[in-house]
Amino acid sequence: MLSELKPEELREFAFAAADLLATTDAYGRILTAYGDGALLHHPTADRLVGKEILPLISQSDIRRLRDDLWALGPGRRVCWDDPGAIEGGRRIVVQRNTADPNTFSWQVARTPRSGKVRSERASEMLSERFRGAIASGRLKAARQPIVDTTSLKVSHYEVLARFEGEDSPAGLICAAEETGQIAHLDYIMVHAACARLSAIPDAAFRLAVNISGESVQRLEIVRELCAVIAGHEFQRDRLILEVTESARIQDAAAAARGISMLRRQGVQVALDDFGAGAASFAYLRDFEVDGLKFDGSFLRASPDNPRSMALIRGVARMCADLNIASVGECVETAADHRLLADAGVRYAQGYLFGRPIIDEQFFVKGRTAQAMAAA
Ligand code: C2E
Ligand code: CA
Ligand code: CA
């Protein structure tokens with residue numbers, strides 16, 4: 001299978017070297033891969049690229065591995081730290097499998113940056129759960145409708161990550177952002193959304209997917225997202241990328257470039273959580289976006305706060321002038337809806353129009369990293 005792929009088609013993701021859990025034969029050829037290992041996934045061939053794991057490991061490690069490997073008894077493992085290899089160093093664990101002693105399980109994981117170990121422990125435990133949930137297929141997706149405030153027709157659906165056993169993905173997502181792993185989720189969600197859009201070629205079926213501000217400022221991630229989009233056939237404006245957690249944007253110029261690159265693919269980009277962070281107005285000025293979503297807290301504060309009302313009205317007006325679609329979220333009551341409609345906000349989302357509902361098909365059609373990990 002692999003030999004069918006041209007060498008230049010083999011893509012290796014920047015983050016593949018970290019957090020990889022794979023079963024290989026003694027030569028390092030991947031037999032199965034779990035967790036982030038599944039991100040060694042070829043975007044156009046749509047399957048796991050079984051690139052040898054050994055090139056991910058330094059030469060001296062390889063020599064050590066070969067000697068140590070055959071000396072292991074079945075079920076036994078070796079483990080060592082490789083401090084200089086990648087950002088923060090990494091830990092390599094290899095275990096000789098009991099059922100088939102000619103195979104080995106590997107884990108290549110980031111080691112915590114020593115200075116921050118204690119303070120990061122809680123978020124590391126969370127991010128461990130994040131990785132586990134993705135690897136074991138406990139990642140699901142819910143869909144929530146976004147409606148036109150005047151006609152009440154569904155404009156599109158926002159896709160929200162759901163981890164089994166968690167009420168909200170917020171905790172795990174936050175930990176993943178803090179430990180630099182959110183790009184994995186963003187990649188998986190965008191990939192699955194593209195697959196879903198190409199499987200359902202109905203112009204009225206449009207999806208909005210969240211991607212973290214952390215991801216849009218990283219060129220290598222944006223490139224991967226562009227490659228995934230380019231690898232699927234669908235009317236591009238059916239996909240909207242909502243940039244959340246813009247507080248995580250340290251490099252606004254890089255984020256602006258990332259947003260332009262994504263828009264050049266033809267997809268739409270919206271600024272999420274508008275009004276939640278101090279830099280919202282600067283972002284609106286600097287980022288060329290197609291949409292803006294008022295943060296839910298805006299609406300909560302508005303009924304009794306004339307300033308807040310005036311702000312919503314003013315921003316909605318500005319959006320209309322700039323041809324930017326405005327959306328209000330957390331619409332729970334008819335009064336919330338009226339407020340947005342009166343302020344000229346174009347679209348609305350919230351429990352009043354429909355709660356997020358699990359979409360069992362979301363990860364089915366496209367063979368996503370998660371589907372492969374579960375296979
Ligand atoms: P968000 O993008 O602002 O998503 C809207 C949140 O509001 C969702 O929370 C949704 O369930 C909730 N919501 C919707 N309608 C109502 C309502 O009427 N009232 C109230 N009180 N809440 C409502 P959820 O699903 O817990 O997601 C939390 C945040 O996690 C999201 O905020 C987003 O920032 C992030 N997130 C969710 N899925 C993903 C994902 O796939 N990738 C990334 N990068 N972030 C995601
Ligand atoms: Ca969102
Ligand atoms: Ca939001």
Side-chain angles (χ1 to χ4, degrees), residues 126-127 130 133-134 138-147 156-194 196 207-218 221-222 225 239-249 258 268-277 280 283 289 291-301 325-337 339-340 345 347-359 362-363 368-370:
L126 272 171
S127 72
F130 170 80
I134 288 183
R138 285 187 293 115
L139 169 66
K140 302 245 184 272
R143 277 201 285 135
Q144 188 180 26
I146 293 166
V147 305
H156 58 281
Y157 296 88
E158 177 175 11
V159 180
L160 295 155
R162 287 287 176 270
F163 297 101
E164 240 167 53
E166 313 274 337
D167 289 338
S168 161
L172 290 180
I173 283 171
C174 187
E177 271 167 337
E178 272 165 24
T179 53
Q181 297 173 49
I182 192 67
H184 300 186
L185 178 68
D186 293 346
Y187 178 86
I188 289 170
M189 299 300 279
V190 170
H191 185 287
C194 289
R196 196 96 173 88
L207 294 176
V209 178
N210 290 286
I211 57 171
S212 170
E214 167 79 31
S215 298
V216 288
Q217 64 183 351
R218 289 171 57 188
I221 306 298
V222 172
L225 295 177
L239 179 63
I240 301 154
L241 300 175
E242 295 187 2
V243 180
T244 66
E245 282 302 319
S246 46
R248 305 240 173 222
I249 297 176
Q268 306 212 340
V269 177
L271 197 54
D272 205 347
D273 310 318
F274 185 86
S280 293
Y283 290 151
V289 290
L292 170 154
K293 261 180 132 170
F294 288 100
D295 189 63
S297 60
F298 237 110
L299 194 55
R300 293 276 78 79
S326 54
V327 185
E329 62 183 9
C330 281
V331 180
E332 293 182 354
T333 64
D336 293 339
H337 171 219
L339 188 151
L340 288 180
V345 177
Y347 301 101
Q349 172 182 15
Y351 298 161
L352 181 67
F353 308 109
R355 288 184 177 256
I357 292 175
I358 297 285
D359 176 355
F362 190 72
F363 289 113
T368 61
Q370 191 212 10

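What you see is a predicted model; the values in this text were computed from it and never measured. Atoms within each ligand, like the ligands themselves, are counted from 1 in listed order.
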Under-4.0 Å heavy-atom contact with ligand 1, by part of Asn210 that carries it:
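Both the backbone and the side chain of Asn210 come within reach of ligand 1.
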Would you say [atom] has a protein heavy atom nearer than 4.0 Å?
atom                    : value
atom 32 (O) of ligand 1 : no
atom 9 (O) of ligand 1  : no
atom 41 (O) of ligand 1 : yes
atom 23 (C) of ligand 1 : yes

Nearest non-hydrogen contact with [atom] belongs to which option: [options]?
atom                    : options                        : result
atom 44 (N) of ligand 1 : Asp186, Val159, Leu185, Leu172 : Asp186
atom 11 (O) of ligand 1 : Glu329, Arg355, Glu214, Arg162 : Arg162
atom 28 (C) of ligand 1 : Cys174, Ser215, Gly213, Ser168 : Ser168

Rounded to the nearest 0.5 Å, how far does [atom2] of [Y] lie from [atom1] of [X]?
X      : Y      : atom1 : atom2 : value
Ile182 : Leu185 : CD1   : CG    : 5.0 Å
Leu207 : Arg143 : CG    : CZ    : 6.5 Å
Ile173 : Thr244 : CD1   : OG1   : 7.5 Å
Ile358 : Leu160 : CD1   : CG    : 9.5 Å
Lys293 : Leu271 : NZ    : CG    : 11.5 Å
Leu239 : Arg196 : CG    : CZ    : 13.5 Å

Pick from Leu340, Asp273, Asp336, Leu299: which one makes a side-chain contact (heavy atoms from CB on, under 4.5 Å) with Glu329?
Asp273
Checking side-chain contact (heavy atoms from CB on, under 4.5 Å) against Glu158, which of Ile146, Ile240, Val209 comes through?
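Single pass found, and it is Ile146.
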Report the C-alpha distance between Tyr157 and Asp359 in whole Å, list the side-chain angles of each, state the deciding distance to 0.1 Å, and finish with yes or no for side chain to side chain contact (heavy atoms under 4.5 Å, CB included).
CA-CA 11 Å; Tyr157 296 88; Asp359 176 355; over 6 Å; no
I need the nearest protein heavy-atom contact for [atom]: residue, atom name and distance, please.
atom                    : answer
atom 38 (N) of ligand 1 : Ala161 N, 3.0 Å
atom 12 (C) of ligand 1 : Tyr351 OH, 4.5 Å
atom 21 (N) of ligand 1 : Glu332 OE2, 3.1 Å
atom 7 (O) of ligand 1  : Cys330 SG, 4.6 Å
atom 39 (C) of ligand 1 : Ile173 CD1, 3.6 Å
atom 4 (O) of ligand 1  : Leu160 CD2, 3.6 Å
atom 2 (O) of ligand 1  : Asp272 OD2, 3.0 Å

Give the atoms of ligand 1, by number and element, whose distance to some non-hydrogen atom of [X] is under 4.0 Å.
X      : result
Glu158 : 2 (O), 4 (O)
Pro356 : 11 (O)
Met189 : 41 (O)
Asp273 : 3 (O)
Pro169 : 24 (P), 25 (O), 26 (O), 27 (O), 37 (C)
Gln144 : 14 (C), 15 (N)
Gly350 : 15 (N), 18 (O)
Ser212 : 44 (N)

Taking it one step at a time, do Phe294 and Val327 satisfy side chain to side chain contact (heavy atoms under 4.5 Å, CB included)?
CA-CA 6 Å; Phe294 288 100; Val327 185; over 6 Å; no
Minimum heavy-atom separation for Arg218 and Gly180, please, with both atom names.
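Closest approach of Arg218 to Gly180, heavy atoms only: NH1-O, 3.9 Å.
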Geometric class of the Phe274/Phe298 ring pair [parallel <30°, tilted 30-60°, perpendicular >60°]:
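The rings of Phe298 and Phe274 lie parallel, inter-plane angle below 30°.
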Ring-plane angle category for His191 and Tyr187, please: parallel below 30°, perpendicular beyond 60°, tilted otherwise.
tilted
Ignoring hydrogens and geometry beyond distance, is a side-chain donor-acceptor pair present between Ser215 and Asp186 at under 3.5 Å?
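Result is yes, a qualifying pair exists.
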Can a non-hydrogen atom of Lys293 be found less than 4.0 Å from any atom of ligand 1?
no
Applying side chain to side chain donor-acceptor pair (under 3.5 Å), name anything that partners [X], two or more places apart in sequence or on another chain.
X      : value
Glu177 : Ser212, Arg248
Ser168 : none
Ser326 : none

If you count every protein N, O or S atom closer than 3.0 Å to the Ca ion (ligand 2), you should arrive at 4
Side chain to side chain contact (heavy atoms under 4.5 Å, CB included) between Phe363 and Ile188, worked out:
CA-CA 9 Å; Phe363 289 113; Ile188 289 170; 3.8 Å; yes
